[in-house]
Structures are given as C-alpha cells and as structure tokens.
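First up is the structure itself, then whatever we jot down about it.
Residue numbering restarts at 1 for every chain, and letters A, B, ... go by the order of the sequence lines. Atom set for the values below is all heavy atoms of this structure, side chains included, hydrogens, waters and symmetry mates excluded.
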Number of protein chains: 2
Amino acid sequence: MGSSIAIINRSLHDQVASRIRDLIIEGSLEPGSRIDELQMLEELGVSRTPFREALRTLAAEGLVIVRPSKGSIVRKLTQEDVFSMLEVLGSLEKLAGELACERASDKEVEAMVQLHESMMECYRTQDRMPYYKMNQEFHSRLAELSKNETLQEMQSNIQARLKRIRYIGSQTPESWAGAVADHEEMILALKGRDATRLGQAMVAHLKKTWDRVKDGI
Amino acid sequence: MGSSIAIINRSLHDQVASRIRDLIIEGSLEPGSRIDELQMLEELGVSRTPFREALRTLAAEGLVIVRPSKGSIVRKLTQEDVFSMLEVLGSLEKLAGELACERASDKEVEAMVQLHESMMECYRTQDRMPYYKMNQEFHSRLAELSKNETLQEMQSNIQARLKRIRYIGSQTPESWAGAVADHEEMILALKGRDATRLGQAMVAHLKKTWDRVKDGI
DNA sequence: AGTTTGGCTTTTGAATACAATATCCAAAAT
DNA sequence: ATTTTGGATATTGTATTCAAAAGCCAAACT
C-alpha cells in the first residue's frame with residue numbers, strides 16, 4: 001500500500017502523520033502518555049508546523065487527543081470505547097457483507113476465496129504475522145466489495161483505532177481456530193451470495209472478537 | 001451546544017474550523033471551488049498557521065480536500081457519495097434505534113416524545129426552520145440514547161457532511177408529510193421498546209430521504 | 001509544618017519570514 | 001499556426017521567531 005512514487009508526492013505532514021500512526025500502533029507511543037513535541041521533532045527531523053498539522057489529522061481520526069495549551073496525548077481506549085467500536089464495526093461489516101453479496105463480481109468473489117485459501121495455509125503452518133496481515137486485508141477487501149466508499153472509509157477508520165488492540169490481542173490457539181471457522185462460514189456465504197447469512201456471520205465474528213479481546217484492555 | 005465559556009477556552013484553529021464549516025453548510029463556499037487562503041485569512045482575521053490546521057481537521061472530517069501544492073477545495077458530493085452516505089447512515093441509525101430501545105431510560109424516551117410533539121407543532125404551523133433544527137436534534141438524540149459513543153461520532157460526522165444537502169434539499173409538502181409520518185412511527189416503536197420495529201423505521205426513513213434528495217444533487 | 005504566592009522555566013500557540021512548487025503568459029522554434 | 005520552453009508571478013509548504021499560557025519551585029507568610 002502506498003508506492004514510493006506516491007510517497008514523494010505526499011506532503012510532509014501526511015508522512016509525519018503516517019509515522020506517528022505507526023508509532024502508536026506498534027506501541028512505541030504508549031496510550032495516555034504525553035507526546036513530547038520537542039523530542040518528536042528531533043526524531044522525525046521536521047519542524048513544528050507540519051508536525052502540528054499531522055497532530056490535527058490524527059486528532060480528527062481519533063488516535064490522539066489535543067488538550068488546548070496542555071499538549072497532546074495518545075488516546076487511551078477504555079473497555080467501553082472498544083466495545084462501542086466493535087459494536088459499530090459489526091454493524092458496518094454486516095452491511096458490507098450484505099452489499100458484497102449483491103454487488104461483487106464473480107471475479108472479485110473468486111479473489112476473496114483465494115485470499116482465504118492463503119490464510120488457511122498460514123493457519124496450517126501457524127504463521128501468525130502473515131495471517132494477521134491477510135486478515136486485515138480480508139476485512140478491507142470485503143468493505144471494498146460493498147462498492148460503498150463511505151462504508152470503506154468508516155470501517156478503515158475504526159480498524160485503525162483498533163489496530164493496536166488487535167495486534168496485542170494475541171489469540172490463543174482455540175480462539176484462532178474459532179476465527180478461522182468464522183472465516184470459513186463467511187466464504188461459504190459469499191460464494192453462495194447469501195446476504196443474510198454473510199451479514200449474520202460478520203456480526204457473530206465481531207461479537208467473538210470482543211470476547212477474545214475484552215480482558216486484555 | 002458549546003457554551004460561551006467553552007468557546008473562550010477553545011484554541012483558534014478550532015474556532016476557525018467551525019467558522020469554515022458554517023460557511024460550507026450555508027453555501028457561501030461553493031462545493032468544488034478553490035478555497036482562497038489569502039482572502040479567507042483576511043475575512044477571518046487570523047494567520048496562516050491556525051487556518052491551515054483547521055483545514056487539516058476539515059479534511060479529516062471529509063468536508064474539504066487538500067491537494068498537495070494545489071490548494072484546497074470544498075468537497076463536492078456526487079450522487080454516489082450521497083447515496084453511500086445515506087446507506088451507511090441508515091445502517092447506523094438502525095443500530096442506534098435498536099440499542100436505544102434497550103438502553104434508554106424511561107425519562108429519556110419521554111424527552112424524545114416531547115421533542116416529537118414540538119416538531120409536530122412546527123409542522124402544523126408550517127415553521128420550516130425550527131422543524132429542520134429539531135429534526136437534526138432528534139436524530140442526534142436518538143444516537144445518544146444508543147449509549148454508544150463511536151456510533152454518535154460516526155453519525156454526527158455523516159450528518160455534518162450531508163447537512164448542506166439536506167438544508168437545500170427543500171422538501172415538498174408531500175415529502176414533509178411523509179417525514180412526519182415516519183417520525184410518528186419511530187416514536188411509537190420507541191415508546192413500545194420495539195427494537196426491530198424502530199430499526200426498520202430508521203432504514204425506511206433514510207431510504208425515503210434518498211428518494212427525496214437524489215434529484216437535487 | 002503546611003499553604004499560598006511570586007517569579008522563573010518549560011511548553012504550547014500564533015505570526016511572520018523564507019523556500020519550493022505550480023501556474024500562466026509570452027516568445028521562439030518547428 | 002501550433003506547440004514548446006523559459007521565466008515571471010502567484011500560491012502553497014515549511015521553518016523560524018515571537019508571544020502567551022501552564023507548570024514548577026522556592027520563599028514568605030499564616
């Protein structure tokens with residue numbers, strides 16, 4: 001995602017925003033901690049203007065909170081926050097699934113099946129990292145198949161906020177197996193163009209995600 | 001919303017963002033047109049730094065588009081954009097309605113009924129403007145009753161993007177009557193705590209909104 | 001001893017200055 | 001005549017500077 005050609009054409013504050021996003025997701029910037037401008041500026045090698053513009057973007061995305069005259073902090077997600085996000089994400093992905101059944105081309109469905117196969121292969125060999133990445137891809141792609149840009153945007157926003165949680169949310173072998181079974185069901189529903197079934201599968205999947213994650217917050 | 005005490009404690013860029021938002025909604029800034037920084041700065045009486053920070057916020061909210069080195073434009077909504085927004089909004093408000101039936105207190109439900117009565121009064125006297133404002137309020141409040149902050153945030157974001165459309169989307173006498181009937185149904189469902197019924201009412205309402213608005217884009 | 005106040009330091013917010021990029025127009029070449 | 005290129009101008013992007021606010025510590029007072 002994001003070829004090098006695109007990067008050179010992106011303005012500095014966008015690059016800065018991406019870097020900070022990464023720092024937040026990988027956990028270098030701890031939730032709740034103040035973001036030290038001076039230190040950050042040194043590390044990133046930019047001046048305050050693009051940095052602060054980046055902060056504004058991240059604030060609008062819900063990743064950081066800027067407290068006037070008191071500095072910015074990395075947003076800390078409470079259990080309630082995460083629950084509410086998963087509740088909404090469930091509803092959005094349900095819609096995505098239903099629409100995908102109606103609007104995706106056979107070719108696109110086939111591509112999803114392919115992706116699923118690759119994931120299954122990773123599961124068999126217990127390759128966590130590639131599985132994790134493909135899983136993100138799977139859900140993004142499903143949103144794409146809805147052919148609804150707003151839906152994609154909202155889904156990707158929530159995904160971004162939850163990324164860190166899910167990343168650390170290391171699944172147990174059992175929960176991983178459960179997730180794989182869920183995906184199996186999704187693929188079957190999608191292949192059969194059964195909108196209701198896929199919608200239900202999405203909601204169920206997100207509910208389980210909550211069960212899996214809630215104690216680690 | 002937003003007392004004067006709060007306003008004086010808000011940083012400049014936030015105030016600027018609000019002002020620009022208003023200009024976009026009321027139509028002073030035409031969709032698709034370039035936002036002339038120099039001219040804007042004069043009008044608003046601020047310097048470029050807070051102004052550009054405000055632009056970043058608005059960009060993240062989806063109201064403007066910043067094209068690197070080529071200036072910012074007010075986002076122009078295509079029919080597809082509006083359709084996709086209403087489709088998502090329908091899904092979100094459906095969820096909001098369902099959750100509200102489960103989670104709202106009797107007092108809160110009563111307050112909604114009151115608001116509905118006020119709207120009916122405006123309808124009887126054909127007071128468009130107050131009705132329009134209360135209608136916004138009605139939908140925001142329903143989202144609040146869901147007790148889901150993410151849901152509220154997402155709904156309010158889409159509402160903001162659509163505001164101008166709905167504002168100009170001058171309803172005919174018939175469509176107004178239809179909207180009133182929809183609201184009657186919503187209130188009945190909410191009073192009866194019938195989640196399914198309210199959910200369906202919300203989806204139906206948003207579908208009609210599309211029919212009413214689509215030709216005016 | 002504890003609390004309050006005054007001023008110093010650090011940090012954030014806004015304005016200005018400087019640099020880079022794009023746009024536009026005219027002149028030259030095909 | 002049309003296209004292309006060079007440079008002047010306007011506009012945007014970034015850095016720096018200046019101002020204001022918040023945090024901190026010590027001294028004085030209760």
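The residues A/Arg161 and B/Glu149 are annotated as not salt-bridged, no charged nitrogen and carboxylate oxygen being separated by less than 4.0 angstrom.
To the nearest 0.5 Å, atoms SG (A/Cys101) and CG (A/Leu190) are separated by 5.5 Å. Here CD1 of A/Ile24 is found 13.0 Å from CZ of A/Arg19. Values are rounded to the nearest 0.5 Å.
A distance-only check finds no donor-acceptor pair linking the side chain of A/Gln136 to the backbone of A/Gln159 [under 3.5 Å]. Put simply, the side chain of A/Thr209 gets close to the backbone of A/His205: a donor and an acceptor are under 3.5 Å apart.
At whole-Å resolution of the value, CZ in A/Arg67 and C1' in C/dT11 are 12 Å apart. If you take NZ of B/Lys70 and P of C/dA22, they are 8 Å apart, rounded to a whole angstrom.
Below 30°, between 30° and 60°, or above 60°: for B/Tyr131 and B/His183 the angle between ring planes is between 30° and 60°, a tilted geometry.
Around atom NZ of B/Lys133, no more than 12 heavy atoms belonging to other residues, nucleotides or ligands sit under 6.0 Å away.
Of all the residues in residues 32-42 of chain B, B/Arg34, B/Glu37 reach under 4.0 Å from DNA chain D with at least one non-hydrogen atom.
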Donor-acceptor pairs are to be reported for all side-chain atoms of residues 58-72 of chain B against protein atoms at under 3.5 Å, with residues two or more places apart or in another chain.
residue	atom	partner	partner atom	Å
B/Glu61	OE1	B/Arg21	NE	3.0
B/Glu61	OE1	B/Arg21	NH2	3.3
B/Glu61	OE2	B/Arg21	NH2	2.9
B/Arg67	NE	B/Gly71	O	3.3
B/Arg67	NH2	B/Lys70	O	2.8

Between the protein and nucleotides 14-19 of chain C, which nitrogen or oxygen pairs come in under 3.5 angstrom?
residue	atom	partner	partner atom	Å
C/dA14	OP1	B/Leu12	N	2.9
C/dA15	OP2	B/Ser47	N	3.0
C/dA15	OP2	B/Ser47	OG	2.7
C/dA15	O5'	B/Ser47	OG	3.3
C/dA15	N7	B/Thr49	OG1	2.7
C/dA15	N6	B/Thr49	OG1	3.4

